[in-house]
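Excluded from the calculations below are hydrogen atoms, water molecules and symmetry mates; all remaining heavy atoms, backbone and side chain alike, are included. Along the sequence shown, residues are numbered consecutively beginning with 1.
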Amino acid sequence: MRVTYDAIVLGVGGMGSATVYALAKRGCKVLGLEQFNIGHDLGSSHGVHRIIRLAYAEDPRYVPLLRRAYELWREIENRTGERLLFITGGVDAGLERSAIIQGSLRSCEEHSIPHEKLDAASLHRRFPGYRLAKEMVAVYQPDAGFVLSERAIIAYVTAAQTMGAEVRGRERVRSWVVKRGRVLVRTDRASYAARKLVITAGPWASKVLPLLRKPRLAVPERQVLIWTQPLRPEHFRLGAFPIFVIETPGGKKANKYYGFPIYGFPGFKFGRYHHLNEEVDPDSVDRSCRRRDEELLRKGIRAYFPDADGPTMAMKSCLFTNSPDEHFVLDVHPEFRNISIAAGFSGHGFKFASVVGEIMADFALEGGSAEFDLELFSVTRARTSLL
Ligand SMILES: Cc1cc2nc3c(=O)[nH]c(=O)nc-3n(C[C@H](O)[C@H](O)[C@H](O)COP(=O)(O)OP(=O)(O)OC[C@H]3O[C@@H](n4cnc5c(N)ncnc54)[C@H](O)[C@@H]3O)c2cc1C
């Protein structure tokens, strides 16, 4: 006999764990299905933590979601008694005319977000770990910081279970089908039925949802992170060093880097967006880290954070899932209204996981979100303008 659920959540990573929690909080009988362990290092959410920032250079329309995301990170902290959100302040840096500086200022101005503009020398005086080129400027925003991504997944699943949610690890969804208004989901262990299905499959999204394949709305890409032991650790400690996103000078050859103060590993964490531009299959990607990866990252560390250029402590590979315009896909399936999708987070999604969980619960229970304008994230936006 099949058990019938109000909702099944396919994929219990960053977005799925928050969705299982949000659905359980609203009294739903919910099942979360995860192909690997609950909390694993084969998807997009591992490597200790993720940046959260309010001065959103990508588009000011993200700011209302961010404000709610901050509130909801505090909610899950209070519910579990675990600290997940750390405020360090944040730096967006680049040339005056760069997309990052102009975008960051635009979000601050449109949404009255407190911020300061600093030249390279003032930033260095205030945070000596930073050595920007003298023609670069920075927007400092005091509310930025990081979220403990690995711990957040565990916190959400644990809190959801206390409210009656069922979560099954090491169980891969093989297929789903909509029949007479219900969704039937077959895994490598069993079959389940539900009124709603929420797909939060990260890098595997286009494998489980053909709709995302044309146009290619969720393309997995290999990324690499490094932790180096700073030569001057006092400049990179928590409390002395804000998180950052830097767009370097160089026109089309510009690099975009991001990084964190020392936390979780004995080192400064540093990465480059679109590391080697390697599109991959999440089931066959080589997850090892090589000398070439390290050299590429060290080039950026030497140029902008020379006092962090000490011995390597750790490296990890991870996966982005890119949409063509690097905006998310948050929508109800255009054909099957009882299926909703959270995908294509394009390397900047985790900070939103808390609010994405709430939005996916709105989609599953109300058919849409009354609180947010989500046009930027619609599948149809993507299908018409991105072809
Ligand atoms: C190196 C790196 C740095 C990043 N930095 C930041 C940052 O600083 N700030 C930020 O906000 N974002 C950042 N991101 C992006 C952010 O981490 C992702 O957007 C976010 O983790 C995506 O979460 P997800 O739930 O979509 O994917 P995942 O957490 O990977 O979850 C998807 C889950 O679905 C499961 N699944 C898939 N298919 C099936 C199936 N058939 N059956 C069962 N289970 C299935 C997977 O196993 C996985 O657990 C970064 C990403 C990377 C890789």
Side-chain angles (χ1 to χ4, degrees), residues 14-15 18 44-45 49-74 84-118 123 136-147 149 152 242-248 254-260 271-274 320-331 342-359 369 371-378 381-382:
M15 307 301 162
S44 297
S45 299
H49 45 18
R50 294 289 185 266
I51 288 172
I52 183 165
R53 53 198 158 82
L54 203 50
Y56 220 63
E58 286 80 348
D59 198 295
R61 284 172 285 178
Y62 284 87
V63 175
L65 277 77
L66 282 161
R67 292 201 194 280
R68 181 68 182 143
Y70 274 87
E71 281 173 16
L72 289 169
W73 286 121
R74 291 300 183 208
L84 299 170
L85 172 59
F86 289 70
I87 302 302
T88 62
V91 168
D92 286 329
L95 295 175
E96 177 73 50
R97 302 300 319 154
S98 61
I100 190 162
I101 294 297
Q102 291 307 308
S104 180
L105 288 173
R106 190 172 158 216
S107 275
C108 289
E109 281 150 17
E110 279 187 27
H111 292 279
S112 308
I113 297 168
H115 66 284
E116 285 173 68
K117 213 168 136 202
L118 301 170
L123 184 72
M136 291 168 76
V137 295
V139 176
Y140 175 74
Q141 207 290 312
D143 300 302
F146 59 80
V147 179
S149 50
I243 60 90
F244 65 85
V245 179
I246 293 181
E247 193 180 308
T248 69
N255 292 300
K256 211 166 144 194
Y257 298 119
Y258 57 92
F260 300 71
R272 175 183 190 250
Y273 284 92
H274 305 303
F320 277 5
T321 310
N322 300 319
S323 72
D325 60 3
E326 302 198 345
H327 294 307
F328 312 155
V329 177
L330 300 175
D331 210 343
F345 288 98
S346 306
H348 63 114
F350 198 91
K351 62 182 77 63
F352 296 90
S354 56
V355 68
V356 167
E358 187 170 78
I359 290 168
S369 166
E371 195 177 347
F372 300 109
D373 175 3
L374 299 174
E375 185 49 35
L376 181 63
F377 311 114
S378 80
R381 157 276 296 185

> Any chance the rings of Phe350 and Phe345 have centres within less than 6.0 Å?
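For Phe350 and Phe345, the ring centres are not under 6.0 Å apart.
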> Under the salt bridge (Lys or Arg N to Asp or Glu O under 4.0 Å) criterion, do Glu71 and Arg68 qualify, and how do the steps go?
CA-CA 5 Å; Glu71 281 173 16; Arg68 181 68 182 143; 2.6 Å; yes
> Pair Leu118, Val137 - check side chain to side chain contact (heavy atoms under 4.5 Å, CB included), show working.
CA-CA 6 Å; Leu118 301 170; Val137 295; over 6 Å; no
> Looking only at non-hydrogen atoms, find the nearest pair between Pro114 and Pro142 and report the distance.
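What the structure gives for the nearest pair is O-CD, 3.6 Å.
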> Return the orientation label for the Phe328 and Phe352 ring planes: parallel under 30°, perpendicular over 60°, tilted otherwise.
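Judged by the thresholds at 30° and 60°, the geometry between Phe328 and Phe352 is perpendicular.
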> Could you go step by step and tell me if Tyr62 and Phe377 meet the ring pair (Phe, Tyr, Trp, His ring centres under 6.0 Å) rule?
CA-CA 10 Å; Tyr62 284 87; Phe377 311 114; 5.2 Å; yes
> Between Glu358 and Glu371, is any pair of side-chain heavy atoms under 4.5 Å apart?
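SC-SC contact between Glu358 and Glu371 confirmed.
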> Is there a side-chain contact between Ile246 and Lys256, using heavy atoms and a 4.5 Å cut-off?
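Sidechains of Lys256 and Ile246: no contact.
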> Can we say Arg106 and Glu58 salt-bridge, meaning some charged N sits less than 4.0 Å from an Asp/Glu carboxylate O?
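Between Glu58 and Arg106 there is no salt bridge, as every charged N stays at least 4.0 Å from the carboxylate O atoms.
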> Quick one: OG on Ser378 to CG on Leu330, what's the gap to the nearest 0.5 Å?
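Rounded to the nearest 0.5 Å, the OG-CG separation comes out at 10.0 Å.
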> Does any non-hydrogen side-chain atom of Leu95 lie less than 4.5 Å from one of Ile101?
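Ile101 vs Leu95: side chains apart.
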> Quick check: closest heavy atoms across His111 and Pro60, and the distance to 0.1 Å?
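Heavy atoms only, the tightest pair is NE2-O, 3.0 Å.
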> Determine whether Tyr70 and Ile87 make a side-chain contact, defined as any pair of heavy atoms from C-beta on separated by less than 4.5 Å.
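Side-chain contact under 4.5 Å: yes.
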> Could you tell me the separation between the OG1 atom of Thr88 and the CG atom of Asp143, rounded to the nearest 0.5 Å?
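Interatomic distance, Thr88 OG1 to Asp143 CG, rounded to 0.5 Å: 10.5 Å.
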> Would you check if the side chain of Gln141 reaches a backbone N or O of Ile113 as a donor-acceptor pair within less than 3.5 Å?
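Not a single qualifying donor-acceptor pair exists.
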> Does the Thr248 side chain pair with the main chain of Ala254, one donor and one acceptor, at a distance under 3.5 Å?
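The answer is no, because no donor-acceptor pair under 3.5 Å joins these two groups.
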> Which atom names give the shortest non-hydrogen contact between Ala342 and Val356, and what distance separates them?
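Ala342 and Val356 have their closest heavy atoms at CB-CG1, 4.0 Å.
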> Identify the two heavy atoms, one from Glu247 and one from Ala99, that lie closest to each other, and give their separation to 0.1 Å.
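Residues Glu247 and Ala99, closest heavy atoms: OE2-N, 3.7 Å.
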> Could you go step by step and tell me if Trp73 and Ile52 meet the side chain to side chain contact (heavy atoms under 4.5 Å, CB included) rule?
CA-CA 11 Å; Trp73 286 121; Ile52 183 165; 3.8 Å; yes
> Does Val91 form a side chain to side chain contact (heavy atoms under 4.5 Å, CB included) with Val139? I'd like the steps, not just the answer.
CA-CA 6 Å; Val91 168; Val139 176; over 6 Å; no
> Write down the atom of Gly14, the atom of Ser45, and the distance for their closest heavy-atom approach.
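Heavy-atom minimum between the residues: N-OG, 3.5 Å.
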> State whether Glu375 and Arg381 are salt-bridged, where the test is any N-O pair (Lys NZ or Arg NE/NH1/NH2 against Asp/Glu carboxylate O) under 4.0 Å.
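Salt bridge flag = no for Arg381 with Glu375.
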> Between Ser346 and Thr321, does a side chain to side chain contact (heavy atoms under 4.5 Å, CB included) hold up when you go through it step by step?
CA-CA 5 Å; Ser346 306; Thr321 310; over 6 Å; no
> NE2/His49 to CD1/Ile243 distance, rounded to the nearest 0.5 angstrom?
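That separation rounds to 10.5 Å.
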> What distance do Ser354 atom OG and Arg74 atom CZ have between them, rounded to the nearest 0.5 Å?
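One finds 11.0 Å between OG of Ser354 and CZ of Arg74.
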> Could you tell me whether Phe260 and Phe86 have their ring centroids closer than 6.0 angstrom?
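Ring centroids of Phe260 and Phe86 are no less than 6.0 Å from each other.
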> If you take the centroid of each ring, where Trp contributes its six-membered ring, are Tyr258 and Tyr273 closer together than 6.0 Å?
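For Tyr273 and Tyr258, the ring centres are under 6.0 Å apart.
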> Give a yes or no on whether the ring-centroid distance for His348 and Phe320 is below 6.0 angstrom.
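No, the ring of His348 stays outside the 6.0 Å limit from the ring of Phe320, centre to centre.
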> Would you name the heavy atoms of Leu66 and Leu54 that are closest together and state the gap between them?
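Answer, listing the atom of Leu66 first, then Leu54: CB-CD1, 3.8 Å.
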> Quick test of your reading of the model: are Glu110 and Arg61 salt-bridged, counting only N-O distances below 4.0 Å?
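No, this pair does not count.
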> Report the distance from atom OG of Ser98 to atom CG of Asp92, rounding to the nearest 0.5 Å.
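Interatomic distance, Ser98 OG to Asp92 CG, rounded to 0.5 Å: 9.0 Å.
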> Is a donor from one side chain sitting under 3.5 angstrom from an acceptor on the other, for Lys351 and Tyr56?
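Their side chains do contain a donor-acceptor pair, which is all the 3.5 Å distance test asks for.
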> To the nearest 0.5 Å, what is the distance between CG (Leu105) and NZ (Lys117)?
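Atom-to-atom, Leu105:CG and Lys117:NZ are 6.0 Å apart.
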> Does any part of the side chain of Asn322, heavy atoms only, come nearer than 4.5 Å to the side chain of His274, both counted from C-beta?
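A side-chain contact exists here, since the closest heavy-atom pair is under 4.5 Å.
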